[in-house]
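Source: prediction; values computed, not measured.
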Amino acid sequence: MKVENTQVQMRKGILEFCILEIIARGEAYASDMLEELTSAKMIVVEGTLYPLLTRLKNAGLLDYAWVESSAGPPRKYYKLTDSGKDFLELLRQTWRELVDSTEFIINKKKA
């Protein structure tokens with residue numbers, strides 16, 4: 001078994017959460033999201049991000065607006081809907097519970 005496979009699956013499991021967190025800070029452009037995710041070593045490509053953004057929008061968690069750009073074509077900026085904000089808060093609670101549970105298991109001393 002290769003550790004890389006497990007690492008990739010762990011990253012994929014929290015990708016949606018990370019994307020929603022980025023957008024929660026304010027309207028976000030997809031290439032800026034890619035840059036931040038890459039800087040955070042989440043290793044994401046456009047072929048992963050765009051379908052995920054579409055799925056989140058279709059689920060009613062995101063909306064977007066086209067914004068004119070002085071350096072080319074209009075850009076699509078994403079923002080959270082009210083449902084998206086509520087969903088993100090539930091994910092935050094789940095994340096805290098997972099971190100606490102994992103830390104409990106990691107730090108438990110042998111009996």
Side-chain angles (χ1 to χ4, degrees):
M1 184 172 196
K2 292 188 176 186
V3 72
E4 292 85 5
N5 294 338
T6 302
Q7 291 169 327
V8 166
Q9 291 305 312
M10 291 171 79
R11 286 185 183 98
K12 281 184 182 180
I14 60 168
L15 183 57
E16 184 175 298
F17 177 45
C18 291
I19 288 169
L20 291 172
E21 283 289 355
I22 291 169
I23 297 170
R25 296 193 302 254
E27 292 184 343
Y29 180 56
S31 68
D32 293 334
M33 289 183 235
L34 278 171
E35 184 178 309
E36 184 169 345
L37 291 165
T38 301
S39 294
K41 299 183 181 174
M42 290 297 292
I43 311 168
V44 178
V45 295
E46 288 182 21
T48 301
L49 180 62
Y50 287 104
L52 182 51
L53 290 170
T54 299
R55 189 166 50 85
L56 292 170
K57 188 205 177 296
N58 291 343
L61 303 178
L62 299 181
D63 201 358
Y64 64 83
W66 288 100
V67 177
E68 291 296 324
S69 171
S70 61
R75 293 177 163 193
K76 189 186 287 187
Y77 282 85
Y78 293 88
K79 64 182 179 180
L80 293 181
T81 62
D82 288 339
S83 294
K85 291 173 187 174
D86 293 341
F87 187 80
L88 177 57
E89 186 53 40
L90 292 172
L91 290 181
R92 286 174 177 156
Q93 291 172 9
T94 302
W95 176 252
R96 286 189 287 271
E97 291 169 2
L98 285 169
V99 168
D100 290 346
S101 298
T102 304
E103 287 295 325
F104 175 82
I105 291 168
I106 290 170
N107 295 318
K108 185 163 180 148
K109 303 294 181 207
K110 199 172 186 179

- Message: I'd like to know whether Leu91 forms a side chain to side chain contact (heavy atoms under 4.5 Å, CB included) with Glu21, so could you lay out the CA-CA distance, the side-chain angles of the two residues, the decisive distance to 0.1 Å, and finally the verdict.
- Response: CA-CA 10 Å; Leu91 290 181; Glu21 283 289 355; over 6 Å; no
- Partner of Leu49 by side chain to side chain contact (heavy atoms under 4.5 Å, CB included), out of Thr54, Leu15, Ile19: Ile19
- Query: Once you round to the nearest 0.5 Å, how far does OG1 of Thr94 lie from CZ of Phe17?
  - Reply: 8.5 Å
- Query: What closest approach, in Å, do Gly60 and Thr81 show between heavy atoms, and which atom pair accounts for it?
  - Reply: O-OG1, 2.6 Å
- Task: Please confirm whether the backbone N or O of Pro74 pairs with a side-chain atom of Ser69, one donor and one acceptor, at under 3.5 Å?
- Result: no
- Task: For atom CD of Glu89, decide whether the heavy atoms of other residues, nucleotides or ligands shown that lie under 6.0 angstrom number more than 12.
- Result: yes
- Task: May I have the step-by-step check of salt bridge (Lys or Arg N to Asp or Glu O under 4.0 Å) for Arg11 and Glu16, ending in yes or no?
- Result: CA-CA 10 Å; Arg11 286 185 183 98; Glu16 184 175 298; over 6 Å; no
- Task: Please determine if Glu36 and Arg25 form a salt bridge, counting it only when a charged side-chain N lies under 4.0 Å from a carboxylate O.
- Result: yes
- Note on the structure: Taking every heavy atom of Ile23 against every heavy atom of Tyr78, the minimum-distance pair comes out as CG2-O, 3.6 Å
- Query: Is the number of heavy atoms from other residues, nucleotides or ligands within 6.0 Å of CG (Asn5) greater than 12?
  - Reply: yes
- Between Asn107 (side chain) and Glu103 (backbone), is there a donor-acceptor pair under 3.5 Å? yes
- Task: Could you tell me the separation between the CG atom of Leu98 and the CD atom of Gln93, rounded to the nearest 0.5 Å?
- Result: 12.0 Å
- CG of Leu34 to OH of Tyr29, rounded to nearest 0.5 Å, is 10.0 Å
- For the pair Glu68 and Arg75, find out whether any cationic side-chain nitrogen is under 4.0 Å from an anionic carboxylate oxygen. no
- Task: Working to the nearest 0.5 Å, report the span between NZ of Lys76 and CG of Leu53.
- Result: 8.5 Å
- Message: Counting C-beta onward and ignoring hydrogens, is there a side-chain heavy-atom pair between Tyr64 and Lys57 closer than 4.5 Å?
- Response: yes
- Note on the structure: In this structure, CG of Asp63 is separated from OG of Ser83 (nearest 0.5 Å) by 11.0 Å
